[in-house]
Amino acid sequence: MSEAMNIHPGTTAAVAVHHDGHGHHQSFISKYIFSQDHKTISKQFLITGIIWAMIGGLFSVLFRLQLGFPDQSFPILETFFGHWAKGGHIQPEFYYALITMHGTILVFFVLTAGMSGTFANFLIPLQVGARDMASPFLNMLSYWFFFLASIIMLTSLFISTGPAAGGWTIYPPLSALGEASAGSIHGMDYWIISMAMFIVSSLLGGINYITTILNMRTRGMSMTRMPLTMWALLFTAILGVLSFPVLLSGVLLLFFDRNLGTSFYLSDIVVNGQILPNEGGSAILFQHLFWFLGHPEVYIIILPAMGIVSEILSVNSRKPIFGYMAMVGSLFAITILAFLVWAHHMFVTGLNPFLGSVFVLLTLLIAVPSAIKVFNWLTTIWRGNIRFTPATLFSIGFVSLFISGGLTGIFVGNSTIDIHIHDTMFIVAHFHIVMGVAAFFGMFSGLYHWFPKMFGRYMNNTLGYIHFWVTIVGAYLIFWPMHYQGLAGMPRRYLDKSGWASFNQFTELDKMITIVTIIVFAVQLMFVFNFFYSIFKGRKVNKLNPWGATTLEWTTPIRPGHGNWEGEIPEVHRWAYDYGKDGRDFIPQTEKIGENESKH
Amino acid sequence: MQTFFIIVILALGFLITFQIAKASEYVAILRGEEKSRKQTNKINGFLLLVFLIVGLFGVYYCNETLKGKILGAAASEQGVLIDKMLYITIAITGVVFFATQIALFWFSYKYQESDKRKAYYYPHNNKLEVIWTVIPAIALTVLVGFGLFYWFKITGKAPKNAMVVEVTGKQFGWEFRYPGPDGILGKKYYKYIDPAKNNSLGQIWDDPANHDDVWMEQEMHLVVNKPVQLVIGSKDVIHDVGLVHFRMKMDAVPGTPTTMWFTPKYTTAEMKKITGNPNFVYEISCDQMCGKGHYSMRGTIVVETQAEFDAWMAGKKPQYLVANPDKDPSVAKPDSTKAIASAAINNK
Ligand code: HEM
Ligand SMILES: [Cu+2]
Ligand SMILES: [Cu+2]
């Protein structure tokens with residue numbers, strides 16, 4: 001048996017038994033479809049996420065075409081989208097459907113499920129030293145609920161009245177009334193049901209991640225010996241488990257308002273000449289419920305990236321992460337504060353100004369742990385010996401973007417300034433840089449880094465470098481000038497500014513941004529190609545530990561089977577960051593502390 | 001056809017890039033992986049430095065080209081405060097931005113892999129952690145201090161002499177109501193809304209305060225240097241009264257009225273001179289996603305002197321009289337008996 005495993009490291013005891021006992025077909029299903037192996041589930045999340053990212057990215061190209069070339073007709077659009085793009089022009093309702101789906105897809109399906117689903121599933125058992133998740137079955141369910149959510153959301157793209165079109169924040173009454181927006185006729189119901197499935201998936205996953213990290217660590221793996229990826233994923237899961245239910249309740253009430261005649265969010269409405277009976281509801285209530293998830297959500301997206309970046313910068317600088325405890329502490333502080341700042345999205349909703357001031361204070365407080373993290377990353381690479389793998393470059397890019405976007409957070413978090421720039425392109429610039437692009441950088445970084453562990457092959461480096469350089473230059477070209485549009489007061493979600501005297505001065509800029517968007521999108525396709533090509537044809541990995549990392553995942557076979565380690569799970573004797581200690585390049589976590597070893 | 005060519009060219013470019021990428025992998029193996037890896041490392045280290053320098057220049061260039069197209073003079077007293085806060089924040093965050101970005105890319109370049117150097121084992125230093133907890137905390141305290149000082153000034157109670165205007169958003173336009181000589185906006189109830197009967201806001205005609213209220217659409221008039229308090233509402237979905245030049249903004253929420261106040265500093269005519277644009281207009285933009293016409297939900301404001309405003313207002317008829325012509329002395333008088341008779345008939 002063990003000999004066989006040495007020859008085919010990809011097969012495991014469990015699967016091997018299947019091969020003997022049952023037919024090929026069945027083992028394919030249990031191995032790749034209804035798999036309970038955390039590594040396979042991780043890849044399922046990843047590939048579903050990649051498909052969603054391509055759809056969401058394509059949408060952005062479409063609506064950027066409208067923004068960059070509002071007067072030009074693209075007949076090909078009409079060929080594909082019929083009356084939604086009449087005369088080759090993206091119609092307003094189509095435009096709003098596109099941006100709504102773009103936001104929903106990227107925020108939830110890609111950067112939440114795709115990100116956490118991929119890295120939490122893949123890394124947690126491997127890095128804490130467990131054979132699988134606490135409940136592999138719930139873990140599998142988590143993916144299939146996500147799949148279901150995906151199917152429902154995808155279906156909504158094809159219904160005749162169109163998908164939800166009220167923005168990814170789906171504020172009622174717009175999202176509640178079919179009379180107010182075509183997307184609210186049926187599309188919104190699909191959105192709500194899909195998100196309900198999504199939240200179930202996220203909860204099943206989150207509970208599993210927390211339990212696994214807390215209870216299934218291998219011998220010697222105390223909490224403070226865990227790599228920062230584990231801490232980040234732990235806090236991410238906690239955030240998700242505590243805040244997603246609030247969104248669920250929020251959207252269920254919306255569902256009732258839409259379909260059962262309740263008035264949670266509706267009051268005093270005359271729409272399309274029709275007087276509605278609802279009185280006494282509060283439209284603002286929804287925003288509180290939404291942002292009680294919505295703000296933690298942005299940290300659900302960014303924390304895994306922070307963990308990944310911490311790990312990769314340390315490995316590739318050949319230096320320990322600087323200030324491990326401060327890094328854990330700041331993650332913790334961010335997690336707590338993330339629950340206490342939601343109303344900074346609502347400074348101009350008529351919020352009581354005093355309440356507003358409390359939220360200003362708490363919001364700007366969150367910049368302190370963010371700053372600590374940045375300084376610690378800088379010190380980590382300081383006096384390192386840095387290898388620029390594509391993963392390292394994306395991590396450096398992440399830090400740069402996080403600085404840029406974090407600093408604009410200080411603008412928008414200050415209610416005085418926010419009066420002017422709320423709901424302008426400045427916000428779009430802020431969150432795309434700090435969350436959208438930065439989180440993607442974290443994700444790319446992690447993929448380039450752990451691809452060899454995932455698939456036993458390398459991705460093509462040259463394509464990786466092209467990918468990085470085009471993407472970072474492109475991202476700044478796209479989003480940096482948007483701050484200026486926002487300072488000029490240009491509202492977001494305006495598909496055509498030609499009717500305005502105050503906002504029509506940026507036509508050239510908008511063109512440039514659109515062209516860069518297309519280039520950047522093309523390069524992402526190249527990345528996807530590199531990804532899939534390398535799964536099958538990439539250069540094979542021939543060492544156990546290609547990056548010289550200390551962590552446990554690199555002690556598994558090159559292609560670990562279900563169960564991860566062939567023999568016993570290794571015991572851990574030290575923290576994850578002994579790089580460059582006592583003149584040694586690195587010391588794996590599994591190595592006992594030497595007698596003469598210096599203390600850190 | 002054109003699209004076809006573009007697709008072909010893209011595909012070709014793709015293919016070529018891919019072939020080069022694949023070839024470079026083979027070359028690397030031929031030349032010795034370690035050696036070619038080190039060379040790639042040098043190239044990327046160098047590129048990071050280039051990125052820093054070009055990037056800094058880009059930030060400067062972007063600012064030079066675009067700074068003339070943003071902001072302009074703040075046209076309200078509150079807007080001046082907001083701009084001040086903005087500049088304070090730009091100054092403080094600007095320093096941090098340049099310092100950290102330069103450090104990031106400079107370190108990356110400087111400490112790229114080299115055989116001559118070993119990485120420095122430096123896991124923690126509590127003093128440093130304290131320093132970079134305290135310094136940001138101080139900087140942020142300053143920002144919060146200024147911010148809240150201005151915030152309470154701006155959102156505080158409107159001065160007693162403020163004029164009141166009601167603004168109502170709807171898909172997709174703006175309606176305004178002036179309280180008339182009594183200074184009080186009459187009561188309204190949304191179920192009375194009936195544009196066909198000239199009651200677009202659902203004013204309750206039994207309320208005497210309504211009898212002198214003036215209603216209009218799309219264009220609002222304000223008096224220069226006189227504080228104005230806007231009472232903001234919506235008939236259907238959430239909108240937002242965005243006043244770029246005054247730097248003010250407030251959501252229009254159905255069922256929950258909101259308010260904001262500000263003091264216009266320049267008349268429209270003065271702004272034409274200041275901006276050098278003879279076509280200058282103050283615009284109201286809807287800043288909250290409200291449906292397919294959101295991007296075109298535009299209103300305008302005329303700011304004028306008190307005398308001009310009074311003259312303009314004098315020409316307006318209260319909506320009460322428009323909706324109830326029988327009560328209008330200027331309409332009803334010559335034929336009052338008939339009007340009363342017909343009203344009586346209607347009542348039966
Ligand atoms: C220094 C820390 C940060 C501060 C002070 C901050 C503050 C804010 C504020 C006040 C807003 C609302 C602005 C408005 O709508 O007028 C906002 C929007 C947003 N922020 Fe941040 N932010 C910070 C960091 C982040 C991070 C790390 C992320 C994500 C990873 C993020 C993601 C977002 C998103 C997605 C929105 C826009 C949501 C929408 O309206 O569609 N922010 N931020
Ligand atoms: Cu937030
Ligand atoms: Cu609007």
Side-chain angles (χ1 to χ4, degrees), chain A residues 76 92-93 167 173-174 180-181 267-271 275 283 318-320 323 326 348-350 353 357 361 364 368 371 375 378 381-388 396 399 403 407 410-411 414-417 419-420 423 460 462-463 484 487-489 491 493-495 499 501-502 505 580-581 600, chain B residues 3 21 24 41 44 62 66 69-71 82 85-86 89 93 97 100-101 103-104 107-108 111-113 117 119-121 123-124 129 132-133 136-137 140 144 147-148 150-151 155 190-191 193 235-238 244 247 249-251 253-255 258 281 283 285 287-289 291-292 294-296:
Chain A
I76 188 165
E93 288 189 321
L174 185 63
S181 157
S267 188
D268 301 18
I269 291 170
V270 182
V271 64
I275 297 173
R318 314 309 296 157
K319 265 188 77 196
V348 299
T349 52
S357 72
L361 185 68
L364 293 197
V368 175
F375 290 124
L378 291 178
I381 62 172
W382 176 72
R383 293 187 64 184
N385 208 12
I386 310 171
R387 296 181 313 211
F388 298 119
I396 293 171
V399 177
I403 293 170
L407 288 175
I410 293 172
F411 290 68
N414 200 325
S415 53
T416 301
I417 303 179
I419 297 175
H420 177 48
D423 254 325
N460 183 293
T462 310
L463 291 181
Y484 287 82
L487 287 177
R493 297 164 174 164
Y494 270 28
L495 58 130
S502 312
Q505 68 271 47
K581 191 182 186 193
H600 64 250
Chain B
T3 27
S24 66
N41 220 58
N44 279 295
C62 181
L66 295 179
K69 297 187 174 183
I70 58 170
L71 293 175
I82 289 172
M85 191 64 236
L86 183 65
T89 308
T93 55
F97 175 81
T100 48
Q101 297 281 12
L104 175 67
F107 290 170
S108 303
Y111 300 109
Q112 57 178 288
E113 185 176 35
R117 195 162 29 80
Y120 171 49
Y121 186 76
H124 59 96
E129 301 288 354
W132 52 61
T133 309
L140 287 163
V144 171
L148 293 186
Y150 293 139
W151 169 249
T155 58
Y190 80 105
K191 286 193 178 167
I193 288 177
K235 289 203 251 183
D236 37 48
V237 302
I238 303 179
V244 193
R247 313 276 192 267
K249 186 172 291 157
M250 182 54 78
D251 278 358
V253 185
T258 57
V281 284
E283 283 178 317
S285 56
D287 284 1
Q288 181 59 258
M289 171 73 192
K292 65 178 175 186
H294 170 56
Y295 70 101
S296 57

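Computed from heavy atoms alone, side chains included, the values below leave out hydrogens, waters and symmetry copies. Labels below follow one simple rule: chain letters A, B, ... track the order of the sequence lines, proteins then strands, and each chain is numbered from 1.
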Among [options], which has the most heavy-atom pairs under 4.5 Å with chain A?
options	answer
B:Met85, B:Gln101, B:Lys235	B:Gln101
B:Asn41, B:Thr89, B:Val144, B:Thr155	B:Asn41
B:Thr100, B:Thr133, B:Leu71	B:Thr100
B:Lys191, B:Gln288, B:Glu283, B:Glu129	B:Glu283

If you count heavy-atom pairs under 4.5 Å with chain B, which of [options] comes out on top?
options	answer
A:Leu361, A:Asn460, A:Val368, A:Ile76	A:Asn460
A:Gly384, A:Gly580, A:Ala283, A:Gly167	A:Gly384
A:Ala326, A:Ala501, A:Gly499	A:Ala501
A:Leu463, A:Ile403, A:Val399, A:Val271	A:Ile403
A:Ile381, A:Val348, A:Thr462	A:Val348

Could you check if a side-chain atom of [X] sits within less than 4.5 angstrom of a side-chain atom of [Y], using non-hydrogen atoms only?
X	Y	answer
B:Glu113	A:Ile386	no
B:Trp151	A:Ile419	yes
B:Ser285	A:Ser502	no
B:Asp287	A:Tyr494	yes
A:Thr349	B:Val253	no
B:Leu104	A:Ile396	yes
A:Phe388	B:Ser108	yes

Note to self: Does any backbone or side-chain atom of B:Gln112 lie under 4.5 Å from a heavy atom of chain A? Answer side chain, backbone, both or neither.
What the structure shows: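 For B:Gln112, backbone and side chain are both near chain A.
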Where [X] and [Y] come nearest, the two heavy atoms and their spacing:
X	Y	result
A:Ile269	B:Pro254	CG1-CB, 4.0 Å
A:Ala180	B:Val237	CB-CG1, 3.7 Å
B:Ile70	A:Tyr484	CG2-O, 3.0 Å
B:Met289	A:Arg493	CB-NH1, 3.7 Å

message = Taking atom NZ as the centre, does B:Lys292 end up with more than 12 heavy-atom neighbours from other residues, nucleotides or ligands that are less than 6.0 angstrom away?
response =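 Open: at most 12 neighbouring heavy atoms sit under 6.0 Å from NZ of B:Lys292.
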When rounded to the nearest 0.5 angstrom, what distance separates [atom1] in [X] from [atom2] in [Y]?
X	Y	atom1	atom2	answer
B:Leu86	A:Thr416	CG	OG1	11.0 Å
B:Thr93	A:Ile410	OG1	CD1	6.5 Å
A:Asn385	B:Arg117	CG	CZ	5.0 Å
A:Leu487	B:Arg247	CG	CZ	9.0 Å

Item checked: Parallel, tilted or perpendicular, as decided by the 30° and 60° cut-offs, for the rings of A:Trp382 and B:Phe107 ->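 Plane angle between 30° and 60°, so tilted.
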B:Ile238 and A:Leu174: side chain to side chain contact (heavy atoms under 4.5 Å, CB included), yes or no, with the steps?
-> CA-CA 7 Å; B:Ile238 303 179; A:Leu174 185 63; over 6 Å; no
Original post:
Within the side chain of A:Ser181, is there an N or O that forms a donor-acceptor pair under 3.5 Å with the backbone of B:Gly291?
Top reply: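 The answer is no, because no donor-acceptor pair under 3.5 Å joins these two groups.
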